[in-house]
Amino acid sequence: MELSYQSTRGKEANVTASQAILKGLAADGGLFMPSFIPKLDKTMKELSTLTYQETAYEVMKLFLTDYTEEELKSCINCAYDSKFDTEEIAPLAKADGAYYLELYHGSTIAFKDMALSILPHLMTVAAKKNQVKNKIVILTATSGDTGKAAMAGFADVEGTEIIVFYPKNGVSRVQELQMVTQKGKNTHVAAIHGNFDDAQTGVKKIFGDKEFAAQLEEKGYQLSSANSINIGRLVPQVVYYVYAYGKLLAGGEISDGERINVAVPTGNFGNILAAYLARQMGVPIKKLICASNENKVLYDFFQSGTYDRNRDFILTSSPSMDILISSNLERLIYLSTGCNAEENAGLMKELNETGSYTVTPAMKKFMEDFIGGYAGEAENQRTIKDLFDRTGYVIDTHTGVAASVYRQYKEQSKDETKTVIASTASPYKFSGSVLEALEGKKSEEDEFRIIDRLSDVSGIDIPQAVEEIRTAPVLHQTECDGDRMKETVMGFLA
């Protein structure tokens, strides 16, 4: 049976992988999903002997079926190269009885590098495959990490422009500096006056504006996305869960077939959905622990079956999770309806019009292996400090949320299943908050003094990605209101 892609809202079907990657978002506003979730065609034992690059090929060939072996291997080898500062690409660190999957060894020191290092290569191959003559405009909203990783990936890639919107005062200073100092003639970034949900909603509106698309077409442009709504972002994320299981098996930490739990700090729901897809492919994963910060819309959803974004938006020390509209949840909702696009579209319409929807008991049961939990600021700080005091291991504030929720779950359930925690960013990306957790007080020093202090306290070398922005000139200074994003896009392209 040939794998193809269809929209979660039913108006597009029989789309190839390369076409889905080029489009990013379906024309009806839905997200592309494979017609079925393929099973791994190698055993976990066989996969446990492979490198990260070899594992990536074994996973991605099953989803990206219109890419040739040569094309896919070339994309993988170009992506997972010396820009990562460890040979393993995604090493596992054992601390306090859990396994931290370090996804931050790429050029922007956050997990988005894992997928955004390969997306530009997948997209340029897709453009050639589909005889695209237009210049591709990558349009994306970021809560902090996607923006820099996408800009770094697409910088000076021929035939592309990249435009990033981020919430002013809604990202860490390091995240902001990484974006506004990004080089590349085709890179553009704007701070919007609003929060991440405003940025994401604005981007989705632009994608849904057919008149605007026609104006762009006239000028020789077409839009695509680098957010995790793009299937070319989601599929590479599946790889590291397959790889993590293989490494645990190869290291004798688990026996073949032994089930593990996975805990993921969650905002837009893409990273934990990738773990779910890995499970459906055959990785023995038992529970998917979905960790939220104080913006606990996902925790409330898994508790009650009602998704409700009608609440105050809270700025936290884990800004990449400060999200009330978790776009990728739509993919799970679609699966929980038995892939009933009409039913899913109805729920998404309800969310758009009223800000909430409620799933049926059968749909809630479908999702019963997702465990929702959340951690407040004080608990997150306690976990970071406690882990460091007892083991010397330092984690960032997002990973701290996941570690906190994992501890809660373990205490309440008495479940002793070995657990992989997705460690999504270097502590240096959120150095002020991490240092405050370790020392028990907020530092009033500037960002780079704090970074130096964190290095002294932790004994961990400062990553090159941070050193680079210490003296880099600011190249992007655009700001706009949320209702002026379309004009800002046109301004950049002009």
Side-chain angles (χ1 to χ4, degrees), residues 1 3 17 34 36-65 67-77 79-81 84 86-103 105-106 111 114-115 117-118 234-264 271-289 335 369-371 402 406 410 415-423:
M1 190 169 152
L3 184 143
F36 62 93
I37 298 169
K39 296 292 182 188
L40 291 164
D41 58 11
K42 278 189 165 53
T43 65
M44 292 313 304
K45 194 83 174 162
E46 289 171 321
L47 290 164
S48 72
T49 65
L50 304 185
T51 64
Y52 191 87
Q53 293 85 343
E54 289 165 342
T55 306
Y57 176 71
E58 293 302 326
V59 172
M60 292 169 68
K61 72 177 186 184
L62 302 172
F63 285 102
L64 309 182
T65 51
Y67 285 74
T68 67
E69 180 178 350
E70 186 185 2
E71 287 169 342
L72 197 47
K73 284 184 173 176
S74 172
C75 288
I76 288 165
N77 291 331
Y80 304 115
D81 59 6
F84 287 83
T86 58
E87 199 177 324
E88 308 100 302
I89 307 296
L92 275 167
K94 189 175 182 180
D96 197 29
Y99 301 89
Y100 288 82
L101 180 60
E102 294 181 350
L103 301 171
H105 289 280
F111 83 103
M114 303 301 294
S117 291
I118 193 166
L234 187 59
V235 168
Q237 291 182 266
V238 178
V239 175
Y240 46 73
Y241 294 108
V242 179
Y243 180 76
Y245 190 93
K247 290 305 108 183
L248 288 175
L249 189 54
E253 298 290 335
I254 56 173
S255 55
D256 195 8
E258 182 179 345
R259 293 202 294 172
I260 62 168
N261 291 335
V262 173
V264 186
N271 207 357
I272 196 164
L273 182 69
Y276 173 79
L277 293 178
R279 187 177 93 154
Q280 298 308 101
M281 293 183 83
V283 180
I285 294 172
K286 181 181 167 189
K287 295 292 183 187
L288 297 135
I289 301 167
L335 291 171
D369 287 331
F370 283 87
I371 307 295
Y406 165 62
K410 193 175 174 184
D415 183 357
E416 293 296 325
T417 303
K418 287 163 187 163
T419 298
V420 168
I421 297 173
S423 185

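These numbers come from a predicted model, not from an experiment. Position 1 is the first residue of the sequence, and the numbers go up from there.
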Open item on the list: Show, in sequence, the C-alpha distance, side-chain angles and deciding distance for Phe84 and Tyr52, and conclude whether the ring pair (Phe, Tyr, Trp, His ring centres under 6.0 Å) test is met.
Closed with: CA-CA 12 Å; Phe84 287 83; Tyr52 191 87; 7.7 Å; no
Task: side chain to side chain donor-acceptor pair (under 3.5 Å) between Tyr99 and Glu253, intermediate numbers included - done: CA-CA 10 Å; Tyr99 301 89; Glu253 298 290 335; 2.6 Å; yes
TODO: Assess whether side chain to side chain donor-acceptor pair (under 3.5 Å) is satisfied between Asn271 and Tyr240, documenting all intermediate values.
DONE: CA-CA 10 Å; Asn271 207 357; Tyr240 46 73; 2.6 Å; yes
Open item on the list: side chain to side chain contact (heavy atoms under 4.5 Å, CB included), that's the test. Do Glu416 and Lys410 meet it? Break it down for me.
Closed with: CA-CA 7 Å; Glu416 293 296 325; Lys410 193 175 174 184; 3.4 Å; yes
Open item on the list: side chain to side chain contact (heavy atoms under 4.5 Å, CB included), that's the test. Do Leu3 and Leu62 meet it? Break it down for me.
Closed with: CA-CA 8 Å; Leu3 184 143; Leu62 302 172; over 6 Å; no
TODO: Dump the intermediate steps for side chain to side chain contact (heavy atoms under 4.5 Å, CB included) on Tyr241 and Val283, then the final yes or no.
DONE: CA-CA 8 Å; Tyr241 294 108; Val283 180; 5.8 Å; no
- [ ] Step by step, work out the side chain to side chain contact (heavy atoms under 4.5 Å, CB included) result for Ile272 and Phe370.
- [x] CA-CA 9 Å; Ile272 196 164; Phe370 283 87; 4.1 Å; yes
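In this structure, OG1 on Thr68 lies 8.0 Å from CG on Leu72, to the nearest 0.5 angstrom. Note that CG of Leu64 and SG of Cys75 are 9.0 Å apart. Values are rounded to the nearest 0.5 Å. Of the inter-residue distances, the one linking Tyr243 atom OH with Gln53 atom CD reads 8.0 Å to the nearest 0.5 angstrom. Note that CG of Leu249 and OG1 of Thr49 are 10.0 Å apart. Values are rounded to the nearest 0.5 Å. Here the CD1 atom belonging to Ile89 is positioned 8.5 Å from the OH atom belonging to Tyr80, to the nearest 0.5 angstrom. A distance of 9.5 Å separates OH in Tyr245 from CD1 in Ile285, rounded to the nearest 0.5 Å.
For Asn261 (side chain) and Lys287 (main-chain N/O), a donor-acceptor pair under 3.5 Å exists by modelled atom type. Here the side chain of Lys247 pairs a donor or acceptor atom with the backbone of Ser48 at under 3.5 angstrom. Distance alone, capped at 3.5 Å, places no donor-acceptor pair between the Lys61 side chain and the Tyr67 backbone. For the pair Ser74 (side chain) and Glu70 (backbone), a donor-acceptor distance under 3.5 Å is absent. Side chain of Glu102 to main chain of Ser423: no donor-acceptor pair is present (N/O by atom type, distance under 3.5 Å, no hydrogens or angles). A donor-acceptor distance shorter than 3.5 angstrom exists from the side chain of Arg279 to the backbone of Lys286, with no hydrogens or angles considered. Under a 3.5 Å cut-off, the side chain of Thr419 and the backbone N or O of Thr417 do form a donor-acceptor pair. In this structure, Glu258 contributes its side chain and Ser255 its backbone to a donor-acceptor pair below 3.5 Å. With Glu54 contributing its side chain and Thr51 its backbone, the two residues share a donor-acceptor pair below 3.5 Å.
The side-chain heavy atoms of Phe63 and Met281, taken from C-beta on, include a pair separated by under 4.5 Å. Residues Leu288 and Ile371 are not in side-chain contact: their nearest non-hydrogen atoms beyond the backbone lie 4.5 Å or more apart. Two residues are said to be in side-chain contact when any heavy atoms from C-beta on lie closer than 4.5 Å; Leu234 and Leu273 meet this criterion. Taking the side chain as every heavy atom from C-beta outward, Met44 and Asp256 approach each other to under 4.5 Å. Contact check for Ile289 versus Val262: no side-chain heavy atoms found under the 4.5 Å cut-off. You'll find the side chain of Met114 stays beyond 4.5 Å of the side chain of Ile118, heavy atoms only.
Shown here for Ile76 and Ala56, the closest heavy-atom pair between the two residues is CD1-C, 3.8 Å. Heavy atoms only, all atoms of each residue included: Ile421 and Ala98 are closest at CD1-CB, 3.8 Å. For Ser117 against Ala79, the heavy-atom pair with the smallest separation is O-CB, 3.4 Å. Counting all heavy atoms, side chain and backbone alike, Leu101 lies closest to Ala90 at CD1-O, 3.6 Å. Of all non-hydrogen atoms in Leu47 and Thr55, the two that sit nearest each other are O-OG1, 4.3 Å.
Remark: Glu46 pairs with no residue by the salt bridge (charged side-chain N to carboxylate O under 4.0 Å, His left out) rule, at least two apart or across chains.
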